[in-house]
Amino acid sequence: MRNFSETNITEAVLERIAGATDPRIKQVSEALVRHLHAFVREIRPTQKEWDYGIDFLTRTGHMCDDKRQEFILLSDTLGVSMLVDAINHPVPEGATETTVLGPFFVQAAPEKQNGDDISGSMEGDPMIVTGSVSTVDGKPLPGAVVDVWHSDNDGYYDVQQLDEIGDLAMRARFHTDANGRFHFWSIKPAAYPIPHDGPVGEMLEAQGRHPWRPAHVHFMISAPGFEQLVTHVFVAGDKYLDSDVVFGVKDSLIHDFVHCPAGRAPDGRMVDAAYYHLNYDFGLKRAAGNPQAA
Ligand code: BEZ
Ligand code: FE
């Protein structure tokens, strides 16, 4: 076949794909072609606009390396990451809701003991985080691995300022105790703009959007036989809760970071300055193929 036109090009490409032997590849390829062609038919780009689109994606790719993932930012800011998350993580009663991972997770976070202060050399408002990890019906999970990470009080993560601070901070890996509980000290995180000096920032500006995320603490929690939980707890009252640039906020993940006077802290320690207290109880969903786990 030749001489393709606006009316027959889509069918021609679909016919070309029809011989794909892997049914999933066939399904995904066909949907991609149908939706992409429908998009082009709807917007009817000029050649110059199409060239801009190709250049935008090229620059997005060039901005990606082991420290910066502009394609994930693009997926996040277009709501695609949260859509994929919603499709893959239905939440049964008692399980904590999920949200985006984000680009600032570090695989090899320092192992810490319950009660440790993970703020490193960072200055800010002291914060104690206490929490528990249990099954959906409230059975404590001892030995669960709890990864935490958060921004400083200017909204920067350690990995964004390693040259200045020298070492990882405001991130750690804990294990829950015999009662499924964990706790640590750090500093209260602040709201921050996602990296917006690249194509994604250019897109946000053109769309009349701000680049901010409300203040939050990230948690990644794993226990054998349970689905890994990737989530955040957001600071109640933050002004960006209703306009998070990556659409990651859920009501159940918003919590008070209670301002407490100096005195005896929840871990029994005497503290001589006011501090914030976040307490959050997490529920893990049983993994498929683990019927005996509650
Ligand atoms: C974060 O919360 O760390 C994050 C999530 C998505 C995009 C950028 C940052
Ligand atoms: Fe974050």
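Counting starts at 1 for both ligands and their atoms, in listed order.
- With hydrogens and angles ignored, the 3.5 Å screen pairs no side-chain donor or acceptor of N179 with any backbone N or O of R181.
- Each of R173, K112, R171 was scored for a salt bridge (Lys or Arg N to Asp or Glu O under 4.0 Å) with D147, with one residue passing: R173.
- V80 and V200 end up in the same hydrophobic cluster when Ile, Leu, Val, Met, Phe, Trp and Tyr side chains are linked at under 4.5 Å.
- The existence of a salt bridge linking D85 and K250 is confirmed by a sub-4.0 Å separation between a basic side-chain nitrogen and an acidic carboxylate oxygen.
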Identify the protein atoms, limited to N or O, that lie within less than 3.5 Å of an N or O atom of ligand 1, and list each pair with its distance to 0.1 Å.
| unit_1 | atom_1 | unit_2 | atom_2 | d |
| --- | --- | --- | --- | --- |
| ligand 1 | 2 (O) | Y192 | OH | 2.6 |
| ligand 1 | 2 (O) | R213 | NH1 | 2.5 |
| ligand 1 | 2 (O) | H216 | NE2 | 3.1 |
| ligand 1 | 2 (O) | H218 | NE2 | 3.0 |
| ligand 1 | 3 (O) | Y192 | OH | 2.7 |
| ligand 1 | 3 (O) | H218 | NE2 | 3.1 |

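- Within the 3.5 Å criterion, the main-chain N or O of H183 finds a donor-acceptor partner in the side chain of N114.
- Below 30°, between 30° and 60°, or above 60°: for Y192 and Y157 the angle between ring planes is above 60°, a perpendicular geometry.
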Walk me through it: do R213 and S151 pass the test side-chain hydrogen bond (donor to acceptor under 3.5 Å, both in side chains)? CA-CA 11 Å; R213 298 215 68 206; S151 71; over 6 Å; no
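- Between T60 and E70, the side chains place no donor N or O within less than 3.5 Å of an acceptor N or O (distance only, hydrogens not considered).
- Near-neighbour remark for the Fe ion (ligand 2): protein N, O or S atoms under 2.8 Å are Y157 OH, Y192 OH, H216 NE2, H218 NE2; waters not counted.
- Tested against E202, the residues H196, Q207, R59 include a single side chain to side chain donor-acceptor pair (under 3.5 Å) partner, R59.
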